[in-house]
Amino acid sequence: MLRPHAERYGLGFWLPRPGVVHLNGGDHGVTFWSTHEPASGLTATLISNNHRGGGPLLRWLDEFFTKA
């Protein structure tokens, strides 16, 4: 599941860089964003009841996890 099957994508999970697994989604009234880095054991999850999905905090977390 975590092996790339298309560019940066592996069967339901986004693979923004090697060693990082990302999953996001939502439904009416809720969004979520979750990233895991198995090598360090670091996981971050952001859940929001706003369609903007976390704003500045989400952008910071995304930059943190996608830096090479």
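Note that these values count all heavy atoms, side chains included, but never hydrogens, waters or copies made by symmetry.
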Can you find a pair of side-chain heavy atoms, one from Phe32 and one from Leu23, that are under 4.5 Å apart?
yes

Gap between atom CG of Leu46 and atom OG1 of Thr31 - 0.5 Å precision:
7.0 Å

Results of side chain to side chain contact (heavy atoms under 4.5 Å, CB included) for Leu42 - residues two or more places apart only:
Glu37, Ser40, Phe64, Phe65

Closest heavy-atom pair, Pro38 versus Gly19, reported as atoms and distance to 0.1 Å, is CD-O, 3.2 Å

d(Phe13 CZ, Thr35 OG1) to nearest 0.5 Å is 11.0 Å

Taking every heavy atom of Val30 against every heavy atom of Ile47, the minimum-distance pair comes out as CG2-CG2, 4.1 Å

Could you measure the distance from the CG atom of Asn49 to the NE2 atom of His28? Nearest 0.5 Å is fine.
11.5 Å

His36 meets the ring-ring contact (aromatic ring centres under 6.0 Å, His included) criterion, sequence neighbours left out, with none

